[in-house]
Amino acid sequence: MKAQTEKLIPIIKQYDPTASVVRLGRIGIAIGEAQVIRFGMAIDIRKEVDQRSKLPENLRKWSPDQFAVHEHDDLSFLCEAKLPLAADLNATLQQWHDDRAPLWESHLWEGTISDALKRVRPYKPIDFSKWSAMLKALKKDGVPIPTSVQARTLRKLCQKTLTLTWHLGWVHGALTRRRIREDAFLSWHQARPDGLRGEDMAPFCEPDPKTPADVLIHVIKATWETHPHRAATALSLLVSSVKHPPKQVHQCIVEMSAHPGINGPTLHRILGCGIGGQSIWRAARAKYRARNLKLGGIDVQVYTQPEVSAKRDDAFFLTRNRQPEALFSKLSSGIQLDEEGRYSLTPERHAKTIARWYSGCDSVLDACCGCGGNAIAFARAGLNVMAVDSNPKRLAMARHNSQLYGVEKRIDFKTGTFLAQPSAASAIFLDPPWALPPEEIESWWAWAEQHFAHGAVKLPRNFPVPIHRKISVFCTTEDFPSFIVVSWGSVLAVSMREGF
């Protein structure tokens, strides 16, 4: 697309002489005085237009009434009239909030503030030392800080347990002041029906005692680095809302059983509950999460004394609720994926974790690389990678994607099966197609362990694993198990140190 920029500008000027290109990618954007022009392959623009029918009636007024699609060679140009500029930022945000409020689905949730922060974007963890340093500088300048400025205390405050209601519904994916002020605020293609309330408004919210707890969580995560005082205010409000439980609470005794290769903390995180004396609410939720849940081929069981009935926790079971940007952080830069690749790809944050496990190796064979998620993570971690896949089209996608990350020189792409590829790599990563018969996956796994002293295999969460093997469980942001990894050699040693 970049190479065609000069050719595109005259075409764009035909539709709006004032338009200037502001972004290039799979779908490019040009903005003029009166309209916004999106351009890309016809199939992609068609999808954009088709999304209009999915927008709820409450939000139709945030969609431009006037639009047109023009064809030019193999490209389509979607021209939309710009919405009026937001004269009053807070009033505009409040109206957007009010219009989507009837569309939210609520889910009761209990956990620590730290656990809540892990559920919301941006997924980058809070650096408490950096936040503390910024708060100390503000305090030195005479700014009153509503919380402690010590990193240790800030971290401790985030360990407090609270109960809040998450609201799932329509949000704006990437709201910015520039878009509100200059780019006609919100358009239909930017609203997502599967986000959490506060995700788009958090950078603009000035927290006060009336701000809902789930929005305060977003405010902290979105502003601790850019507006540390605002984040500290939100944290102070959250902590003050935590109700101290009465001395006598209704509790029960909880016991659990699962595959012996899964460590206790991982199991407790998945179920949202520990063992021993626990609140009835936590135990009831854990029993619901454990229903029909099998890890490593063995059922997860929760037992309570006295007996407790399971409590619904529907959000936990959104197993494929993966945001596109979670797969590749550079997705909007032209990442290539087919449907199978999108489904089977290891999300980038998980791929980076797995790559760290190979820190003691200098090279790795990615035996079924697909669209390149793990191969790119290995290369970014400094390893030399041989990436093998039997599908040449998917291998070409992996090569293209590696170029976007600037690591293509570290990856040697090979078409075929890894069983027939000679490799001098010091370790192997095997992510076999899950549609294969279990017996074939087991034979590939056995071959990998026989030929490589160090490595790991990625498997479906319910795939049978011998009880003497350690299992690493990788979960969605809702803590639902997505897949499991069994490792050996130095890879296993590092994974155990990291707590998997």
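Quick caveat: nothing in here was measured; it's all calculated off a predicted structure. Numbering of residues begins at 1 and proceeds along the displayed sequence.
- Remark: H350 engages F474, F483 in a ring-ring contact (aromatic ring centres under 6.0 Å, His included) (not counting sequence neighbours).
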Worked verdict on I484 versus V465 for side-chain contact (heavy atoms from CB on, under 4.5 Å): CA-CA 10 Å; I484 61 176; V465 176; 3.9 Å; yes
Verdict with reasoning, E498 to W357, per side-chain contact (heavy atoms from CB on, under 4.5 Å): CA-CA 9 Å; E498 290 197 355; W357 296 355; 3.1 Å; yes
side-chain contact (heavy atoms from CB on, under 4.5 Å) evaluation trace for F429 with F452: CA-CA 10 Å; F429 175 73; F452 291 87; over 6 Å; no
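- When every heavy atom of P146 is checked against every heavy atom of H229, the shortest pair comes out as CD-NE2, 4.0 Å.
- Side-chain atoms of D141 do not come within 3.5 Å of backbone N or O of V143 as any donor-acceptor pair.
- Using a 3.5 Å distance cut-off with no hydrogens or angles, the side chains of S333 and Y405 do not pair a donor with an acceptor.
- In this structure, the separation between CG on N401 and CD1 on I335 is 4.0 Å, given to the nearest 0.5 Å.
- Residues K287 and K311 fail the side-chain proximity criterion, which asks for heavy atoms closer than 4.5 Å.
- Listed here is the closest heavy atom pair of C361 and L383: O-CG, 3.9 Å.
- Taken to the nearest 0.5 Å, the CG atom of D214 stands 7.5 Å off from the CG atom of L196.
- Between the CZ atom of R282 and the CZ atom of R289 there is a distance of 9.5 Å, given to the nearest 0.5 Å.
- For K136, the side-chain hydrogen bond (donor to acceptor under 3.5 Å, both in side chains) test picks out no residue, with sequence neighbours left out.
- With sequence neighbours left out, the side chain to side chain contact (heavy atoms under 4.5 Å, CB included) criterion links R349 to T477.
- With salt bridges taken as basic N to acidic carboxylate O contacts below 4.0 Å, one links E225 and K124.
- The side-chain heavy atoms of I298 and P260, taken from C-beta on, include a pair separated by under 4.5 Å.
- Ion pairing between a basic and an acidic side chain is recognised when a charged N comes within 4.0 Å of a carboxylate O; D479 and R119 show no such pairing.
- Tested against E199 for a side chain to side chain donor-acceptor pair (under 3.5 Å), the candidates K221, H218, R121 yield a single pass: R121.
- Q251 and S279 share no donor-acceptor pair across their side chains, judged by distance under 3.5 Å alone.
- Classification of D200 and R100 as a salt-bridged pair holds, one side-chain N sitting under 4.0 Å from a carboxylate O.
- Distance check, rounded to the nearest 0.5 Å: CG of L271 to CG of L293 gives 7.0 Å.
- A donor-acceptor pair is defined here as one N or O able to donate and one able to accept, closer than 3.5 Å; such a pair exists between the side chain of E348 and the backbone of S329.
- The shortest distance between side-chain heavy atoms of I354 and F378 falls below 4.5 Å.
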Derivation and outcome, salt bridge (Lys or Arg N to Asp or Glu O under 4.0 Å), residues D115 and R269: CA-CA 10 Å; D115 289 336; R269 187 184 76 248; over 6 Å; no
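- Looking at W224 and L135, their side chains never come closer than 4.5 Å, going by heavy atoms from C-beta outward.
- S344 places none of its side-chain heavy atoms less than 4.5 Å from the side chain of D431.
- Residue-environment remark: CG (L108) exceeds the threshold of 12 foreign heavy atoms within 6.0 Å.
- Between E449 and R469 a salt bridge is recorded (basic side-chain N to carboxylate O distance below 4.0 Å).
- The local environment of CD1 in I280 is crowded, with over 12 non-hydrogen atoms from other residues, nucleotides or ligands closer than 6.0 Å.
- Inter-residue side-chain proximity for L238 and I217 is flagged as met; some heavy-atom pair is nearer than 4.5 Å.
- Looking at H454, its side chain never comes within 3.5 Å of a backbone N or O of L492 through a donor-acceptor pair.
- S240 contributes a side-chain N or O that, together with a main-chain N or O of S236, makes up a donor-acceptor pair within less than 3.5 Å.
- Salt bridge absent: K210 and D208 never bring a charged side-chain N and a carboxylate O closer than 4.0 Å.
- Taken from CG in L337 to CZ in R26, the straight-line distance is 9.0 Å, to the nearest 0.5 Å.
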Pair S257-Q301, side chain to side chain donor-acceptor pair (under 3.5 Å): steps then yes or no: CA-CA 5 Å; S257 67; Q301 301 282 353; 5.7 Å; no
Full working for side-chain contact (heavy atoms from CB on, under 4.5 Å) between W170 and L59: CA-CA 9 Å; W170 290 82; L59 306 183; 3.7 Å; yes
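- Taking every heavy atom of both residues into account, A387 and I411 meet most closely at CB-CG2, 3.7 Å.
- Remark: T223 pairs with V219, T226, H227, R230, A231 by the side chain to side chain contact (heavy atoms under 4.5 Å, CB included) rule, at least two apart or across chains.
- Side-chain atoms of E478 and T476 form a donor-acceptor pair, as typed in the model, at a separation below 3.5 Å.
- Shown here for P207 and L216, the closest heavy-atom pair between the two residues is CB-CD2, 3.5 Å.
- Residue pairs meeting the side-chain hydrogen bond (donor to acceptor under 3.5 Å, both in side chains) criterion with at least one member in residues 358-381, sequence neighbours excluded, are T346-N374, D362-S426.
- The backbone N or O of F128 sits nowhere less than 3.5 Å from a side-chain atom of S132 that would complete a donor-acceptor pair.
- Counting non-hydrogen atoms of neighbouring residues, nucleotides and ligands closer than 6.0 angstrom, the CD atom of Q403 exceeds 12 such neighbours.
- In this structure, the ring-ring contact (aromatic ring centres under 6.0 Å, His included) partners of H97, at least two apart in sequence or on a different chain, are W104.
- The CH2 atom of W166 sits 13.5 Å away from atom OG of S106, with the distance rounded to the nearest 0.5 Å.
- Within the 4.5 Å cutoff, side-chain heavy atoms of V239 are placed close to those of I113.
- In terms of heavy-atom proximity, A234 sits nearest to I220 at CB-CG1, 3.6 Å.
- Under the 4.5 Å side-chain criterion, counting only non-hydrogen atoms from C-beta, S482 is not in contact with R461.
- With R410 contributing its side chain and A381 its backbone, the two residues share no donor-acceptor pair below 3.5 Å.
- Nearest heavy-atom pair across C273 and A286 is CB-CB, 3.7 Å.
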